[in-house]
Amino acid sequence: MPPEPDGLSGDASAIPPDEPAKAETKRTTDVLLDTIARVEGERISIGEMIDGLGERAYGILMLLFALPTILPAPPGMSAVTGMPIVVFSMQLMIGHPHPWLPGFLRRRSILRTDLLGVLNKAEPWLRKVENYTKPRLTYLVDGRMERFAGFVVFFLSIVLILPIFMGNIFPSIAIALIALALMERDGVALIAGYVSAVASTVIAFGFIALTIKIMLYAVHQFLGL
């Protein structure tokens, strides 16, 4: 005799299992703050930041080094913060999967309080930008297009380290926008970053032309040449 039916019809395997709730993706600002919080001690090394940032390391590191020069910075600061961006953008441009630095640079450290101070000042701005970013036009941030973004950041980082009066602010803003776009996988934000890159380049070279004209005028006035 077949067993009495137990009220279930069909194959039990056909019953769809409960779908697990999707984990909400952390925003860039939260990843930054969590990474700093996980590191013990008064200082945090560049190597510790790279190891703690995971797949978004390129974008976050470029953003971190762009933030200090978005506001007017002391002379020489753009050269200090611009060089790591040069290195990271070159690696992104050639398709290296993860940021790499030699040991002596990985061991370079920053005071936690200084880093948090920069982030606290930038956090309201970052949160506002994040409110408008979301994954869209993702083909613009993948593969060759991601490498092209690395090339644009590389060019901007060269402009950033040049000793141009007020020339570090606008490239830093463009780098920050491109970095956020890569982290949030937002092609629209990436386009905005490219527009900012063009504008910042025009402004920077405009300052160069103005500086040259002022110097030539001064030479003409004082030396009569």
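Source: prediction; values computed, not measured.
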What residues, two or more places apart in sequence or in another chain, satisfy side chain to side chain contact (heavy atoms under 4.5 Å, CB included) together with I44? I36, V39, E48, M49, L115

How long is the gap from CG on L63 to CD1 on I85, to the nearest 0.5 Å? 9.0 Å

Please say yes or no: joined through hydrophobic side-chain contacts below 4.5 Å, possibly via intermediate residues, are F205 and F170 part of one cluster? yes

Where at least one partner belongs to residues 131-141, residue pairs that pass side chain to side chain donor-acceptor pair (under 3.5 Å), sequence neighbours excluded: R27-T133, R136-D186

Does one hydrophobic cluster hold both I158 and I175, with members joined at side-chain heavy-atom distances below 4.5 Å? yes

Nearest-0.5 Å distance, CG of residue L156 to CD1 of residue I173: 11.5 Å

Quick check: closest heavy atoms across G193 and A174, and the distance to 0.1 Å? O-CB, 4.0 Å

Between the main-chain N or O of F88 and the side-chain N or O of Y58, is there a donor-acceptor pair closer than 3.5 Å? no

Hey, any chance V141 and F151 share a hydrophobic cluster, counting ILVMFWY side chains that come within less than 4.5 Å of each other, even indirectly? yes

In short, S172 meets A66 closest at the heavy-atom pair CB-O, 3.6 Å

Pairwise distance CZ(F65) to OG(S89) - rounded to 0.5 angstrom: 12.0 Å

Nearest 0.5 Å, please: how far is CG in L160 from CD1 in I169? 11.0 Å

In one Ile/Leu/Val/Met/Phe/Trp/Tyr side-chain cluster, 4.5 Å: W100, M90: no

Residues pairing under side chain to side chain donor-acceptor pair (under 3.5 Å) where one sits in residues 146-164, two or more places apart or in two chains, turn out to be none

For M62 and I178, what are the C-alpha separation, side-chain angles and deciding distance, and is it a side-chain contact (heavy atoms from CB on, under 4.5 Å)? CA-CA 9 Å; M62 292 189 296; I178 293 172; 5.8 Å; no

In short, G59 meets A179 closest at the heavy-atom pair O-CB, 3.2 Å

Using the rule that two of Ile, Leu, Val, Met, Phe, Trp, Tyr join whenever any of their side-chain heavy atoms come within less than 4.5 Å, decide whether F148 and V188 are in one cluster. yes

So do L177 and Y194 actually touch side chain to side chain, heavy atoms under 4.5 Å? no

In terms of heavy-atom contacts, does CE of M145 have more than 12 from other residues, nucleotides or ligands at under 6.0 Å? yes

Can you tell me how far the NE2 atom of H98 sits from the NE2 atom of H96, to the nearest 0.5 Å? 8.5 Å

For a side-chain contact (heavy atoms from CB on, under 4.5 Å) check, start with the C-alpha distance between L182 and L92, then their side-chain angles and the critical distance, and finish with the verdict. CA-CA 11 Å; L182 293 176; L92 181 63; 3.8 Å; yes

